[in-house]
2 protein chains.
Amino acid sequence: MGRPLQIDRISVLEAGLRIADEDGLQAVTMQGVAGALCVTPMALYRHVANKADLLDGLVELLLTDVPLPPDTMAWRERLEWMGEAVRGAAQRHPAVFALLLQRPAATAGALVVRDAVYQALREAGVAEPEVARTERVISTAILGFAGSEAGGRFGSRSRQEVDADFAAVEAMVSAYLDQVCGVSRPSVPSD
Amino acid sequence: MGRPLQIDRISVLEAGLRIADEDGLQAVTMQGVAGALCVTPMALYRHVANKADLLDGLVELLLTDVPLPPDTMAWRERLEWMGEAVRGAAQRHPAVFALLLQRPAATAGALVVRDAVYQALREAGVAEPEVARTERVISTAILGFAGSEAGGRFGSRSRQEVDADFAAVEAMVSAYLDQVCGVSRPSVPSD
DNA sequence: ACCTGAACACCGTTCAAGT
DNA sequence: ACCTGAACACCGTTCAAGT
């Protein structure tokens with residue numbers, strides 16, 4: 001616990017994220033974050049507008065903790081990578097992850113991830129007008145799973161069982177992608 | 001706003017749900033709920049153990065607001081019905097819906113919905129050891145979508161566009177089900 | 001420019017007391 | 001049995017003041 005007697009926005013957010021990870025969202029108070037930085041609560045207001053801004057900042061910080069895949073990877077592997085990266089971020093930051101579904105996916109950090117998915121979908125051959133919707137559909141499935149796991153909705157199931165659940169979600173998403181980009185697994189040529 | 005001078009657990013929860021629906025979760029305070037019932041905050045403690053218990057009760061109340069389909073419906077229509085019923089409950093109670101992903105899906109209300117899905121999956125021909133996992137996978141997708149919509153993650157998109165997104169999620173889930181129960185849309189007979 | 005002290009309204013919760 | 005009054009520790013936030 002370094003206690004720099006000079007505070008900035010990043011150190012405030014990092015302290016908040018650490019508290020959220022360790023003790024949950026209800027432990028993230030202005031007094032708690034200030035205490036972790038050896039400062040009075042009022043000192044925080046120079047670096048965050050208010051508590052809502054602090055929480056927004058935590059979500060952004062979480063999003064920077066989603067590693068993007070290297071460009072050299074094929075699109076399908078890149079999508080798998082990102083799904084697992086999102087799940088990993090949810091596991092590391094379960095409390096803050098719950099806030100992700102709660103706000104518009106239009107912040108800087110959210111756009112970085114979204115655009116990486118867009119790019120992979122284009123390479124997969126998804127028609128341009130379908131790209132945005134396809135991203136929302138697969139993000140919805142991945143976020144629903146990661147959020148459920150992080151939030152504890154799956155209860156005390158074993159790690160192996162939850163891993164198998166995630167593999168099933170990935171398979172569902174993958175089959176959906178095959179359908180959308182119109183290749184592999186050829187089936188009834190309806191509409 | 002009837003003000004019965006006799007209070008019970010149901011009236012406390014209903015007041016809490018109304019406040020959550022109208023003004024959001026942060027407006028659900030012991031004082032706020034008590035005020036709506038024309039009672040002091042301390043009076044609530046005879047009917048709910050504490051605030052966490054009140055919130056748990058709100059989630060249960062929301063779950064009773066998910067109408068189950070009539071038995072006479074075929075399994076696929078019943079699953080569609082439940083997906084739309086969950087989405088509807090999320091739209092009516094967006095604030096409380098956010099709490100759903102946050103707690104174990106093992107409460108009485110959650111089990112009622114879960115078991116209805118189990119039953120439909122069995123009729124669909126899903127093998128018994130796959131029923132539980134399949135339920136988790138499709139619930140994950142539906143909850144992820146409904147939670148995103150209710151939480152505002154989709155931003156200010158038009159109702160029509162969000163409806164189309166939901167239809168795409170339903171299609172993804174439906175195709176997954178075809179795969180799991182092994183019928184229709186025959187494709188490459190791999191593993 | 002950055003932090004502090006004092007203060008305010010508002011939380012959740014308790015306990016003893018009223019009826 | 002059910003509700004209230006008084007009280008406590010703890011919130012978020014402000015404003016004027018210190019350095």
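Order of the sequence lines fixes the chain letters, A, B, ..., with proteins taken first and strands second; residue numbering starts at 1 for each chain.
- In a base pair of the Watson-Crick type (N1 to N3 plus N6-O4 or O6-N4) or a G-U wobble (N1-O2 and O6-N3), with each distance short of 3.5 Å, C:dA17 is matched with no nucleotide.
- Using a 4.0 Å heavy-atom cutoff across all strands shown, B:Met42 reaches at least one base atom of the nucleic acid.
- Here the C1' atom of nucleotide C:dC11 and the NZ atom of A:Lys51 are 12 Å apart, to the nearest Å.
- Nearest heavy atom pair, residue B:Asp165 against residue A:Val137, reads O-CG2, 4.1 Å.
- Atom CZ of residue A:Arg76 and atom CD of residue A:Glu123 lie 13.0 Å apart, to the nearest 0.5 angstrom.
- One atom, CG of A:Asp8, and another, C1' of C:dA1, lie 14 Å apart when rounded to the nearest Å.
- Residue B:Tyr45 has no polar side-chain atom (N or O) positioned under 4.0 Å from OP1 or OP2 of C:dT14.
- Distance CD (B:Gln26) to C1' (C:dC10): 13 Å, rounded to an integer number of Å.
- Considering only side-chain N and O atoms, A:His47 lies nowhere under 4.0 angstrom from the phosphate OP1 or OP2 of C:dC2.
- Listed candidates were C:dC11, C:dC3, D:dT4. Nearest to the side chain of B:Thr29 is C:dC11.
- Closest contact between the side chain of B:Arg46 and the listed nucleotides C:dG12, D:dT4, D:dC2 involves D:dC2.
- Side-chain proximity of B:Ala43 to the nucleotides D:dC3, C:dT13, C:dG5 is greatest for D:dC3.
- Picking from D:dT4, D:dC11, C:dC3 the nucleotide with the shortest atom distance to the side chain of B:Thr40 gives D:dT4.
- Across all strands shown, C:dC8 forms a Watson-Crick or G-U wobble pair, both distances under 3.5 Å, with D:dG12.
- A:Asp53 places its CG atom 14 Å from the C1' atom of D:dG12, with the value rounded to the nearest Å.
- Pairing of D:dC3, defined by two Watson-Crick or G-U wobble distances under 3.5 Å, is not identified with any nucleotide.
- Note on A:Gln31: a side-chain N or O is less than 4.0 Å away from OP1 or OP2 of D:dG12.
- Note: B:Phe154 and B:Phe145 meet the aromatic proximity criterion, with ring centroids under 6.0 Å apart.
- We find that CE of A:Met30 is positioned 14 Å from C1' of C:dC3, with the value rounded to whole Å.
- At C:dC2, none of the side-chain N or O atoms of A:Gln6 fall inside 4.0 Å of OP1 or OP2 (strictly under the cut-off).
- Between the CD1 atom of A:Ile7 and the P atom of C:dT4 there is a distance of 9 Å, given to the nearest Å.
- In this structure, CG of A:Asn50 is placed 20 Å from P of C:dA9, rounded to the nearest angstrom.
- In this model, a donor atom of one side chain and an acceptor atom of the other lie less than 3.5 Å apart for B:Glu135 and B:Ser139.
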Problem - Check against salt bridge (charged side-chain N to carboxylate O under 4.0 Å, His left out), A:Arg136 and B:Glu161 - result: CA-CA 11 Å; A:Arg136 291 196 292 273; B:Glu161 206 163 359; 3.7 Å; yes
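- You'll find that the side chain of A:Pro41 is closest to D:dT13, out of C:dC3, D:dA6, D:dT13.
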